S.K.: 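Quick one: the structure is below, and I'll ask about it shortly.
Order of appearance sets the numbers: ligands from 1, and atoms from 1 within every ligand. Remember, predicted model here, so these are calculated numbers, not experimental data.
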Amino acid sequence: MHLSFTLLVLLSAFTTSVVAWAPLSSLQGRANNTFVNCLEQAGLDPVLQDEASYAANSSAYNLRFNYKPAAIVYPNNSTQVAAAVKCGAASGVKVNARGGGHSYAAFALGGEDGHLTVSLDRLRHLSLNGSTVTIGGGNRLGDVALYLWNNGKRALAHGTCPYVGIGGHAGQGGFGIPSRAWGLLADQITSIEIVTAAGDILTASSGSLSTGPNESSNPDLFWAAMGAGASFGIITQFTAETHEAVDSIAFQYAYANYTAEEASSGLLAWQKFASDPDTPLDANVGMQLHVSPDASTPHGIAFSVSGSYYGADVSKLNATMAPLLSALGNPTTTTIQTQDWITSVLYYAGAQNGSSALNTTTAAPDIHDHFYATSTFVSEQEPLGKASADALMQYFYGPGTKSAVEWFVIFDLYGGSKSAIRGRDADFNAFDARDALYSIQYYGTIPSSVSDQDGIKFIQGIKAALEQNQSNTTFKEYVNYIDSTYSAEVAHQKYYPTHTSRLTDLKNKYDANRVFHYPYDF
Ligand SMILES: Cc1cc2nc3c(=O)[nH]c(=O)nc-3n(C[C@H](O)[C@H](O)[C@H](O)COP(=O)(O)OP(=O)(O)OC[C@H]3O[C@@H](n4cnc5c(N)ncnc54)[C@H](O)[C@@H]3O)c2cc1C
Ligand SMILES: *[C@@H]1O[C@H](CO)[C@@H](O)[C@H](O)[C@H]1NC(C)=O
Ligand SMILES: *[C@@H]1O[C@H](CO)[C@@H](O)[C@H](O)[C@H]1NC(C)=O
Ligand SMILES: *[C@@H]1O[C@H](CO)[C@@H](O)[C@H](O)[C@H]1NC(C)=O
Ligand SMILES: *[C@@H]1O[C@H](CO)[C@@H](O)[C@H](O)[C@H]1NC(C)=O
Ligand SMILES: *[C@@H]1O[C@H](CO)[C@@H](O)[C@H](O)[C@H]1NC(C)=O
Ligand SMILES: *[C@@H]1O[C@H](CO)[C@@H](O)[C@H](O)[C@H]1NC(C)=O
Ligand SMILES: *[C@@H]1O[C@H](CO)[C@@H](O)[C@H](O)[C@H]1NC(C)=O
Ligand SMILES: *[C@@H]1O[C@H](CO)[C@@H](O)[C@H](O)[C@H]1NC(C)=O
Ligand SMILES: *[C@@H]1O[C@H](CO)[C@@H](O)[C@H](O)[C@H]1NC(C)=O
Ligand SMILES: *[C@@H]1O[C@H](CO)[C@@H](O)[C@H](O)[C@H]1NC(C)=O
Ligand SMILES: *[C@@H]1O[C@H](CO)[C@@H](O)[C@H](O)[C@H]1NC(C)=O
Ligand SMILES: CC(=O)N[C@H]1CO[C@H](CO)[C@@H](O)[C@@H]1O
């Protein structure tokens, strides 16, 4: 079963025979189809299923999915984006934006067959005016960081993978190591240009920020698009206020010899250090906790605390971390590195040895993966209890050391009283977890020896061990680590527990016919 699925994926990636086994309903006769005619008349040159490049142009980052869009278009500007949206709306074909294409559930392809994917690859303009940057909706994070660095040593807080698109990332939040200092990427955006379901090209901006002549245009649409962007239109341009690109100290403390009990105490000590009201943690500390299998360690699990301290020196880092390190014990290894901004960006992108190979996303092909991932937010009000931490570590040190799934779990610190993420109001934008102390991402690459079903069950078991041992807590989840297994109702409860009703009202206002539709739409 699984082998044949893998073969089909491989076939679809490298041959054009895909059309033979996945016939397309009514859209095949390209010359006799009002939808396709509409795209062609607008000069959009759609990629259709009978074309050689279709398989490559429609392949998802997550190879577990193989959705078949009715057409893929690559508009050059927002006028062409609007024309594409109008063709979809007029023909009843659902429309989805594709930014970097890194949705864990392939939602830029619609999450089902037959949608129009509007790929923003050609909307990659960038310009800086003082501290204000204008970013085309198809840019990748690596290119944005490089541009800002090269044009005046400016910076934004955003995630680590250079290939991730700003469209999905900022549209759904966007956490990075500097986010405790500067907020989520969505929080740093002041204005957007967005193509709506009606095919209008609107400016939308925050009501409270001064953004020039259009101060407070469509603030309700801006509110919704900064957190639930995929449901509200195609964002063709972002405007953001940048920061000075500061130097930082990268740190990593590894505890390769921990037993399950030590790891549980370590996690609880990290949680306490991060949220201690008596010694509030400096907002310039970005910090993660990593757990993954490692057969070279005495107990099979690698546990480490790492991050960056922005604008600090090593003695300040040491003084700040001292209480945590005294609780965690002697690290098996310590790494401390002073880095300028772009070195830090490349370091988190995986170029640990100073290689500049990842400085631009056009220099190398992106990788794909066959995986399942999901998440938990642990809140400041209801931190993890000992039963949950114990259950989690028992799962890691037990089933986790025996599974063929290539898993890792990352805890990203969001909160602490000084954090800029928490500093924004709960309803600042559609992102609905301002009370988060940290996120936990559970990620597993599923090898061909394991069925998707078993791989997913293994990863869900990690989350169940944690959540079921704290049964009175309702955990939120992070929409950018979107879980592919939910109903719309469950997705709304996890991602937008308090914002669903307002988002549904705004969906009715801006997209009553559900032109921008996908499985977790409102
Ligand atoms: C290697 C890797 C590392 C990651 N690291 C981080 C991290 O450090 N921090 C973090 O927060 N997240 C991280 N993520 C998750 C990432 O933020 C999400 O996968 C994100 O949604 C991807 O955006 P995209 O534009 O590449 O994806 P896409 O698949 O193109 O888009 C995702 C969703 O947003 C919609 N969308 C895309 N562009 C637009 C637009 N312009 N207008 C309206 N809707 C749009 C799509 O329709 C889709 O529903 C990581 C992902 C990967 C693969
Ligand atoms: C074109 O479509 C119409 C109706 O959709 C159908 O009746 C007709 O047979 C089609 N013509 C061709 C050449 O496919
Ligand atoms: C976009 O512009 C390029 C260069 O001018 C052109 O070759 C291409 O056809 C245009 N694409 C569309 C969809 O119009
Ligand atoms: C579509 O796929 C082809 C074949 O891989 C590739 O050469 C082309 O660049 C893709 N088109 C776009 C616009 O990305
Ligand atoms: C948008 O792109 C198309 C195709 O390249 C071009 O013909 C048109 O003039 C552009 N429109 C604007 C407003 O730039
Ligand atoms: C740059 O911003 C200033 C205001 O900060 C504005 O007066 C000026 O017109 C802008 N320049 C461009 C090229 O947009
Ligand atoms: C203001 O909004 C109008 C109408 O939406 C638009 O034409 C104009 O370009 C916008 N100006 C700025 C500076 O965003
Ligand atoms: C900081 O601590 C590390 C050990 O974690 C030590 O090697 C280093 O000398 C210390 N540096 C300063 C300036 O205190
Ligand atoms: C970790 O364990 C290894 C052997 O498994 C041992 O050699 C090493 O000294 C230990 N390190 C620490 C810091 O305890
Ligand atoms: C280290 O540098 C080499 C050469 O630049 C590169 O091929 C390799 O991928 C780099 N390793 C990492 C982990 O970045
Ligand atoms: C990226 O790094 C390569 C060397 O690996 C270099 O040739 C290129 O100029 C760099 N690009 C930018 C935009 O800095
Ligand atoms: C859940 O709450 C009830 C009532 O407040 C309490 O009796 C019970 O111990 C709690 N259970 C857990 C697992 O915290
Ligand atoms: C330590 C602990 O309480 N573990 C429990 C966690 O939840 C699972 C599933 O409900 C139980 O089987 C464990 O006993």
S.K.: Distance below 4.0 Å between atom 2 (O) of ligand 6 and any protein heavy atom?
M.R.: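 When distances to the protein are checked, atom 2 (O) of ligand 6 has a heavy atom within 4.0 Å.
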S.K.: Quick one: look up the protein heavy atom nearest atom 13 (C) of ligand 5 and list residue, atom name and how far away it is.
M.R.: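 Closest protein heavy atom to atom 13 (C) of ligand 5: Thr79 OG1, 3.5 Å.
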S.K.: Using modelled atom types only, decide if a donor and an acceptor are shared between the side chain of Tyr67 and the backbone of Phe107 within a distance under 3.5 Å.
M.R.: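 No, Tyr67 side chain to Phe107 backbone: no donor-acceptor pair under 3.5 Å.
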S.K.: Where the side chain of Asn33 meets the backbone of Phe35, is there a donor-acceptor pair that is under 3.5 Å apart?
M.R.: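 Such a contact is found between Asn33 side chain and Phe35 backbone.
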S.K.: State whether the shortest distance between N or O atoms of Asn77 and N or O atoms of ligand 5 falls below 3.5 angstrom.
M.R.: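 Yes, since at least one N or O of Asn77 sits under 3.5 Å from an N or O of ligand 5.
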S.K.: Please report the C-alpha distance between Lys86 and Asp200 in whole Å, then the side-chain angles of each, then the deciding distance to 0.1 Å, and finally whether the salt bridge (charged side-chain N to carboxylate O under 4.0 Å, His left out) criterion is met.
M.R.: CA-CA 9 Å; Lys86 285 178 186 164; Asp200 295 328; over 6 Å; no
S.K.: Yes or no, since that's all I need: does a protein heavy atom fall within a distance strictly under 4.0 Å of atom 7 (O) of ligand 8?
M.R.: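 Flag for atom 7 (O) of ligand 8 set to false, no protein heavy atom closer than 4.0 Å.
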S.K.: For the 3.5 Å polar cut-off, considering only N or O atoms, please tell me whether Asn318 and ligand 8 meet it.
M.R.: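 Checking ligand 8 against Asn318, an N or O pair does fall under 3.5 Å apart.
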S.K.: Measure centre to centre between the rings of Tyr414 and Phe175, then say whether the value is under 6.0 Å.
M.R.: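 When the ring centroids of Tyr414 and Phe175 are compared, they turn out to be within the sub-6.0 Å range.
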S.K.: I need the nearest protein heavy-atom contact for atom 5 (O) of ligand 8: residue, atom name and distance, please.
M.R.: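 Result: Thr334 CG2, 3.7 Å.
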S.K.: Looking at Thr236 and Glu193, would you say the former's side chain and the latter's main chain have a donor-acceptor pair under 3.5 Å?
M.R.: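 Answer holds: yes.
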S.K.: Of Thr132, Asn129, Thr134, Leu128, which has the heavy atom at the shortest distance from atom 10 (C) of ligand 6?
M.R.: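 Shortest heavy-atom distance from atom 10 (C) of ligand 6: Asn129.
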S.K.: Would you find a donor on one side and an acceptor on the other, under 3.5 Å apart, between the side chain of Gln80 and the backbone of Asn76?
M.R.: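 Side chain of Gln80 to backbone of Asn76: a pair is present.
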S.K.: May I ask you to identify the nearest protein heavy atom to atom 4 (C) of ligand 5, giving residue, atom name and distance to one decimal place in Å?
M.R.: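 Minimum-distance protein heavy atom for atom 4 (C) of ligand 5 reads Gln80 NE2, 3.3 Å.
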S.K.: Looking just at side-chain N and O atoms, do Thr132 and Asn129 make a donor-acceptor pair shorter than 3.5 Å?
M.R.: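 Looking only at side-chain atoms, Asn129 and Thr132 do not form any donor-acceptor pair under 3.5 Å.
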S.K.: I need the atoms of ligand 5 closer than 4.0 Å to a non-hydrogen atom of Asn76, numbered in the order shown.
M.R.: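 Counting atoms of ligand 5 from 1, those under 4.0 Å from Asn76 are 2 (O), 4 (C), 5 (O).
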